[in-house]
Enquirer: 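This structure is in structure tokens; I'll ask about it shortly.
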Number of protein chains: 2
Amino acid sequence: MEDEKTLKTMPRLDESLLTHIPPFSKLGLTEIREILDQASSRRYGEGVAVFSEGGDADRFFMLLDGYIRVIRITETGEQVISLHIPSGQLFGIARALGRDTYPATAVTASEAIILSWPTSLWDRFVIDYDGFSTETYKIVGKRVGEMNMRLVEMATQQVEQRVANALMRLINQTGRKVEDGIEVDFPITRQDLSEMTATTLHTVSRLLSGWEKQGLIKSRRKRIVVTNPHGLMLLSQQR
Amino acid sequence: MEDEKTLKTMPRLDESLLTHIPPFSKLGLTEIREILDQASSRRYGEGVAVFSEGGDADRFFMLLDGYIRVIRITETGEQVISLHIPSGQLFGIARALGRDTYPATAVTASEAIILSWPTSLWDRFVIDYDGFSTETYKIVGKRVGEMNMRLVEMATQQVEQRVANALMRLINQTGRKVEDGIEVDFPITRQDLSEMTATTLHTVSRLLSGWEKQGLIKSRRKRIVVTNPHGLMLLSQQR
DNA sequence: AGAAAAGGTTGCGCCAGAACAACGTTCGAT
DNA sequence: ATCGAACGTTGTTCTGGCGCAACCTTTTCT
């Protein structure tokens, strides 16, 4: 769980890694080259903490491949998953929100490849690269919007709707087409889903069993395939 | 509820209005003068919508006096209060998050005096006034932090704790000292509190009655005085 | 291979708090 | 002063889903 910092600066990162990613997509190749030359790259195993709540926000990150879960832990030890980050997004950008410690913990939900830069470079990026700031805040805006949606959901919806919603969101954002439907693209347990929807793993298990009987999903250990997205959507909206 | 736009440009707004307010406090008097000269000022009655969810984000606002409630309304017509904004803060800054419509509705929780500028000036402010952007994002960061806290609360705490928390937050952020304690500085109903904490007005009423019997608070219609903040805090933390 | 750990299922009892209901109180309008 | 609307209280009933428990299945470790 401890992340021993083995930051290796890869001698040659391919420019094409970034050319289609929002905060960089408006930049020229030379600029992207500059940015990459200052980045560290690292592979993380599944379930590893990239940074921890309260820690010094000394670096910011870009997820090249894999998935990241942003979690918070309460005084009583319960976990709450506040966000999933798909590949191609910046995260740990405390600096952009005027913070100097990380407000939450980031854990890899699957194997991941992550670029990072020292936070001291943030201001330089903002100044030097046109559009970088604007594009970044669009991402922030989206995340704020998502959090807001979840707040409203938690305040007004029943457990079944919330879990259905969470699952829909997962397959929309991180779904991968498989033969009989769309599969959540990283290992996910009942417990994880319960921590995303403020319920217990038991309730999630019962719901998934029910849905499987209705032919909406198929699931095996840590894997969920949604075979009938439309049916699931109806569930998430009903009432 | 409809707000007929009677935007009057006040001939002389006092510079001292802004000199101690974060995004402006680092600016010189001439810069503040410039900013004020471009602002419209308006008084709003209680319970008036300043802008509405989904509406064109054509202006951004600064609350000079009073309180603003940021609400969202679900398909089924339920309200959820997602934020209270105290005087001295910017709001409706959709532009800062790369949005071109307002993501929520802002309603005055009390009489209010509000400055506003056309959104087109936002970029100009960011460019022209040093530190404006940074200070603004600190505010955004704080709000994101608050939303996150509420998410965790809703996911892990019982109703009693949530309501106690909400009340603590209200008196900390907007409290006004009165003879026998600290009073919430704007009219607030049981319904309002229930919309902040995802419960019903009945449950809130019962809780407040209980707390009053325990000597923690005193309340009359639309007014709540916390007479024993420490005791309330214990409640909000317990378990 | 065998054991242990992690993940998943299912049954059952219980209770916090929602839903429903009826009534009291305060405020503002005329 | 009267009336109606908004706000608040309190009693009773009912249920979603949590807590607890027992057990099964798959994966990982040695």
Side-chain angles (χ1 to χ4, degrees), chain A residues 1 45-47 74 76-80 107 109-110 153-167 184 186-214 217-225 235 238-239, chain B residues 1 45-47 74 76-80 107 109-111 153-164 166-167 184 186-214 217-225 235 238-239:
Chain A
M1 207 56 82
E46 186 184 322
T74 65
T76 53
E78 295 145 297
Q79 280 195 17
V80 178
V107 176
S110 63
E153 268 180 40
M154 302 237 310
T156 61
Q157 300 190 320
Q158 306 271 100
V159 170
E160 182 166 34
Q161 273 82 273
R162 295 207 303 271
V163 178
N165 260 126
L167 194 47
V184 178
F186 53 86
I188 184 162
T189 65
R190 312 299 189 241
Q191 175 80 37
D192 293 334
L193 264 173
S194 75
E195 286 170 1
M196 300 171 60
T197 52
T199 181
T200 60
L201 77 157
H202 308 279
T203 300
V204 171
S205 180
R206 279 180 245 271
L207 286 171
L208 294 190
S209 295
W211 294 346
E212 186 137 22
K213 280 194 191 100
Q214 293 171 50
I217 65 167
K218 289 186 182 184
S219 76
R220 0 184 228 307
R221 165 180 264 236
K222 287 197 177 195
R223 298 269 151 211
I224 302 175
V225 179
L235 264 191
Q238 96 190 358
R239 227 212 81 111
Chain B
M1 208 54 82
E46 186 185 321
T74 65
T76 53
E78 295 145 298
Q79 280 195 15
V80 178
V107 176
S110 63
E111 290 207 346
E153 267 179 40
M154 301 239 308
T156 61
Q157 299 191 322
Q158 306 270 99
V159 170
E160 181 166 34
Q161 273 82 273
R162 295 208 303 271
V163 178
L167 194 47
V184 177
F186 54 87
I188 184 162
T189 65
R190 311 299 189 241
Q191 175 80 38
D192 293 334
L193 264 172
S194 76
E195 286 170 0
M196 299 171 61
T197 52
T199 180
T200 61
L201 77 156
H202 307 279
T203 299
V204 172
S205 180
R206 279 180 242 271
L207 286 172
L208 294 190
S209 296
W211 295 345
E212 185 138 22
K213 281 194 190 100
Q214 294 170 50
I217 65 166
K218 288 186 182 185
S219 78
R220 358 184 230 308
R221 166 180 260 237
K222 285 197 177 196
R223 297 270 151 210
I224 302 176
V225 179
L235 264 189
Q238 96 190 357
R239 229 215 80 106

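By convention in this document, chain letters (A, B, ...) are assigned in the order of the sequence lines, proteins followed by strands, and residues within each chain are numbered from 1. All values below come from the heavy atoms of this structure, side chains included, with hydrogens, waters and symmetry mates left out.
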Enquirer: Taking atom C1' of D/dT9 as reference, at what distance in whole Å does atom CD1 of B/Ile224 sit?
Expert: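 Checked: the CD1 to C1' distance equals 14 Å.
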
Enquirer: Which nucleotide wins on minimum distance to the side chain of A/His202, given the candidates C/dG17, C/dT10, D/dC18?
Expert: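 From the listed options, C/dT10 comes nearest.
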
Enquirer: If only atom types and distance count, is the side chain of B/Glu212 paired as donor or acceptor with the main-chain N or O of B/Ser219 below 3.5 Å?
Expert: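 At least one qualifying donor-acceptor pair exists.
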
Enquirer: Would a distance-only check, ignoring hydrogens and angles, find a side-chain to backbone donor-acceptor pair under 3.5 Å from B/Ser209 to B/Ser205?
Expert: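 Confirmed, B/Ser209 side chain pairs with B/Ser205 backbone.
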
Enquirer: Tell me whether the OP1 or OP2 atom of D/dG17 has a side-chain N or O from A/Thr199 closer than 4.0 Å.
Expert: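 So the side chain of A/Thr199 is outside the cut-off, no N or O lying under 4.0 Å from OP1 or OP2 of D/dG17.
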
Enquirer: Mind checking the CZ-OG1 spacing from A/Arg190 to A/Thr199? Nearest 0.5 Å is all I need.
Expert: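 Reported to 0.5 Å precision, the distance equals 13.5 Å.
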
Enquirer: Mind listing the closest non-hydrogen atom pair of A/Ala109 and A/Pro187 along with its distance?
Expert: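 Smallest interatomic distance, heavy atoms only, reads O-CD, 3.5 Å.
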
Enquirer: Return the value, rounded to whole Å, for the distance between atom CD of B/Glu212 and atom P of D/dT9.
Expert: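 So the CD-P distance, B/Glu212 to D/dT9, works out to 8 Å.
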
Enquirer: Select one nucleotide: of C/dG17, D/dT10, D/dC18, the one nearest the side-chain heavy atoms of B/Arg206.
Expert: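 Given the options C/dG17, D/dT10, D/dC18, the side chain of B/Arg206 is closest to D/dT10.
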
Enquirer: Respond yes when some side-chain nitrogen or oxygen of B/Ser209 is under 4.0 Å from OP1 or OP2 of D/dT10, and no when none is.
Expert: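 Yes, such a contact exists.
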
Enquirer: Do the side chain of B/Arg162 and the main chain of B/Glu153 share a donor and acceptor less than 3.5 angstrom apart?
Expert: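 No, because the side chain of B/Arg162 does not come within donor-acceptor range (under 3.5 Å) of the backbone of B/Glu153.
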
Enquirer: Got a list of protein N/O to nucleotides 5-8 of chain C N/O distances below 3.5 Å?
Expert:
{"residue": "C/dA6", "atom": "N3", "partner": "A/Arg221", "partner atom": "NH2", "Å": "2.7"}
{"residue": "C/dG7", "atom": "O4'", "partner": "A/Arg221", "partner atom": "NH2", "Å": "2.9"}
{"residue": "C/dG8", "atom": "OP1", "partner": "A/Lys222", "partner atom": "N", "Å": "3.0"}
{"residue": "C/dG8", "atom": "OP2", "partner": "A/Arg190", "partner atom": "N", "Å": "3.0"}

Enquirer: What bend angle does the helix from C/dA1-D/dT30 to C/dT30-D/dA1 show across its length, from five-pair end axes and to the nearest 10 degrees?
Expert: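 Angle reported: 50°, given to the nearest ten degrees.
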
Enquirer: B/Arg220 versus B/Val225: any side-chain heavy-atom pair under 4.5 Å?
Expert: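 Side-chain contact under 4.5 Å: yes.
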
Enquirer: What's the separation between atom NZ in A/Lys218 and atom CZ in A/Arg223, rounded to the nearest 0.5 Å?
Expert: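 Atom-to-atom, A/Lys218:NZ and A/Arg223:CZ are 15.5 Å apart.
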
Enquirer: In this structure, how many angstroms lie between the P atom of C/dA16 and the CD atom of B/Gln157, rounded?
Expert: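 Rounded to whole Å, this separation is 17 Å.
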
Enquirer: Atom CG of B/Leu208 and atom C1' of D/dT9: how far apart are they, to the nearest Å?
Expert: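 Going from B/Leu208 (CG) to D/dT9 (C1'), I get 11 Å.
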
Enquirer: What integer distance in Å separates B/Leu207:CG from D/dG8:P?
Expert: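 Interatomic distance, CG of B/Leu207 to P of D/dG8: 14 Å.
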
Enquirer: What closest approach, in Å, do A/Val80 and B/Ala155 show between heavy atoms, and which atom pair accounts for it?
Expert: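 Of all heavy-atom pairs spanning A/Val80 and B/Ala155, the closest is CG2-CB, 4.0 Å.
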
Enquirer: Does a side-chain heavy-atom distance below 4.5 Å link B/Thr203 with B/Val163?
Expert: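 B/Thr203 vs B/Val163: side chains apart.
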
Enquirer: Are any of B/Thr203's side-chain N or O atoms less than 4.0 Å away from OP1 or OP2 of C/dA18?
Expert: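 Indeed, a polar side-chain atom of B/Thr203 lies that close.
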
Enquirer: From CD of A/Gln158 over to C1' of C/dA16, roughly how many Å is that when rounded to an integer?
Expert: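 Between C1' of C/dA16 and CD of A/Gln158: 14 Å.
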
